[in-house]
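Written below as structure tokens is the structure these notes are about.
Along the sequence shown, the residues carry numbers beginning at 1. Note that ligands are numbered from 1 as they come in the structure, with each ligand's atoms numbered from 1 the same way.
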Amino acid sequence: MSKPYVFITRKISEEVLTPLKQIADVQMWNSESEAVPREVLLNEGKKADALLTMLSDSVDEELLENAPNLKVVANLAVGYDNINLEAAAQNEVIVCNTPDVLTETTADLTFGLMLSAARRLTEAHHFVKEGQWKSWSPYLLAGTDVHHKTIGIVGMGSIGTAVARRAKGFGMEILYHNRSRHSVTENELGAVYKSFGELLEGSDFVVCLTPLTEDTKHLFDADAFKRMKSSAIFINVGRGQVVDEEALIYALEHKEIAGAGLDVFYKEPIGADHPLLQFPQVVSLPHIGSASVETRTTMMELCRDNIIAVLEGKKAKTVVGGK
Ligand code: GLV
Ligand code: GLV
């Protein structure tokens, strides 16, 4: 019997793959910097028993309908809005993600982005590097405090909870909005549940961690930005499409909010000439929420283990849907 065939859509560590290679033929798209072309992905899908995919790959109906051997898609992310779960179920494909292992790492990044935007760290960094530091002055690159302010977390999953724990350490008031109440966060961290509108009106930092679904698309629209304090800073480490970017640009231009820290964008990668990147008060990152070497390695191992489990007829550890 021939071994199952596994295709990986990005170059990942050979070391991680060793156990998988013992039971399967493994090929990968051999680039660290370039996404697999659509045609290549579709062709590989026709042959593969398993795919290890990135959040930038569209695992849609077309791919899933034309993948007769495919049993599992392991996505290297906690989010899986790039995968059509309905089509996966119809085609009896199991879909796995990488929750939990990236929670603390992503919370660190979220907090770092909030601190950077509030205290103007990237502006200050460029200021020094560009030789503009000629004298010290009291309000030189003065930002706004984070400690003892109010954070409003939209999407209180495990990452939101980990951000709330950090916020408590900074003496912050914690508001949150979520589909369901979180008694642990309320009892242990003193987080207060608010309607979306109340959260927007009461927060100094509005932090978006919600996944992208039909319900959350464009959740942050013109009205949402108008309801925020003019001193508020908006942080997005969820998904770009949860935000109406035109509305965000308008809000920044018209000083409806004071700034933003963005790890995710409507269209990724965002072009350097994009209007959002022209604001000094916007800190922009290339979707690196979970990008520590330790965590990315653990995520790859989890994807690998999920694929091995399914190929061996066992239960995968972190299934989000599909068959
Ligand atoms: C990253 O955005 C993820 O979903 O893991
Ligand atoms: C995000 O909020 C998560 O923890 O899944």
Side-chain angles (χ1 to χ4, degrees), residues 8-13 16 32-33 35-36 51-60 72-85 88 94-114 116 153-163 178-179 207-220 234-243 245 260-270 276 283-307 316-322:
I8 302 174
T9 66
R10 207 48 88 86
K11 186 170 175 173
I12 73 170
S13 141
V16 169
E32 265 167 53
S33 57
V36 64
L51 291 173
L52 196 164
T53 54
M54 308 298 127
L55 53 85
S56 45
D57 304 318
S58 175
V59 181
D60 57 6
V72 55
V73 173
N75 205 41
L76 190 83
V78 65
Y80 43 87
D81 48 274
N82 58 311
I83 300 175
N84 184 330
L85 286 189
I94 294 170
V95 177
C96 301
N97 68 340
T98 61
D100 307 329
V101 297
L102 48 59
T103 298
E104 298 294 334
T105 300
T106 307
D108 280 351
L109 189 283
T110 306
F111 225 81
L113 187 51
M114 184 167 74
S116 296
I153 299 172
V154 178
M156 192 57 102
S158 33
I159 298 169
T161 307
V163 169
N178 199 50
R179 270 181 314 181
V207 177
C208 170
L209 287 167
T210 187
L212 174 65
T213 65
E214 286 302 317
D215 292 335
T216 63
K217 189 163 188 193
H218 286 197
L219 177 66
F220 290 91
F234 174 65
I235 305 294
N236 191 4
V237 186
R239 282 290 181 272
Q241 292 182 24
V242 174
V243 175
E245 272 181 2
L262 307 170
D263 186 42
V264 289
F265 297 90
Y266 210 92
K267 185 175 175 299
E268 296 178 4
I270 191 170
L276 262 183
V283 178
S284 309
L285 303 177
H287 203 149
I288 56 170
S290 61
S292 70
V293 174
E294 299 95 315
T295 291
R296 283 287 159 84
T297 304
T298 309
M299 290 164 68
M300 288 172 191
E301 289 166 349
L302 178 54
C303 287
R304 172 203 68 197
D305 291 345
N306 280 330
I307 289 174
K317 277 191 208 157
T318 50
V319 176
V320 288

* Check each of Thr110, Thr298, Thr295 against Thr105 using the side chain to side chain donor-acceptor pair (under 3.5 Å) test, and report the only one that passes. => Thr295
* To do: In sequence, state the C-alpha distance, the side-chain angles, and the governing distance for Thr161 and Ser158, and then conclude on side-chain hydrogen bond (donor to acceptor under 3.5 Å, both in side chains).
  => CA-CA 5 Å; Thr161 307; Ser158 33; over 6 Å; no
* Asked: Does Gly238 offer a backbone N or O that forms a donor-acceptor pair with the side chain of Asn236 under 3.5 Å?
  -> yes
* Backbone or side chain, does any N or O of Ser290 fall under 3.5 Å from an N or O of ligand 1? -> no
* Asked: Between Leu102 and ligand 1, which part of the residue brings a heavy atom under 4.0 Å of the ligand: side chain, backbone, both or neither?
  -> side chain
* Asked: At a non-hydrogen distance cut-off of under 4.0 Å, which region of Leu55 contacts ligand 1 (side chain, backbone, both, or neither)?
  -> side chain
* Structure fact -> All heavy atoms of Leu109 vs all of Ile288, minimum pair found to be CG-O, 3.9 Å
* **ligand 1 to Ala77 polar contact by distance, N or O atoms, under 3.5 Å** => no
* Structure fact -> atom 5 (O) of ligand 1 has as its nearest protein heavy atom Val78 N, 2.7 Å
* Asked: Which protein non-hydrogen atom lies closest to atom 1 (C) of ligand 1, naming both residue and atom, and how far is it?
  -> His287 NE2, 3.4 Å
* **Side-chain heavy-atom pair His218, Val243 within 4.5 angstrom cut-off** => no
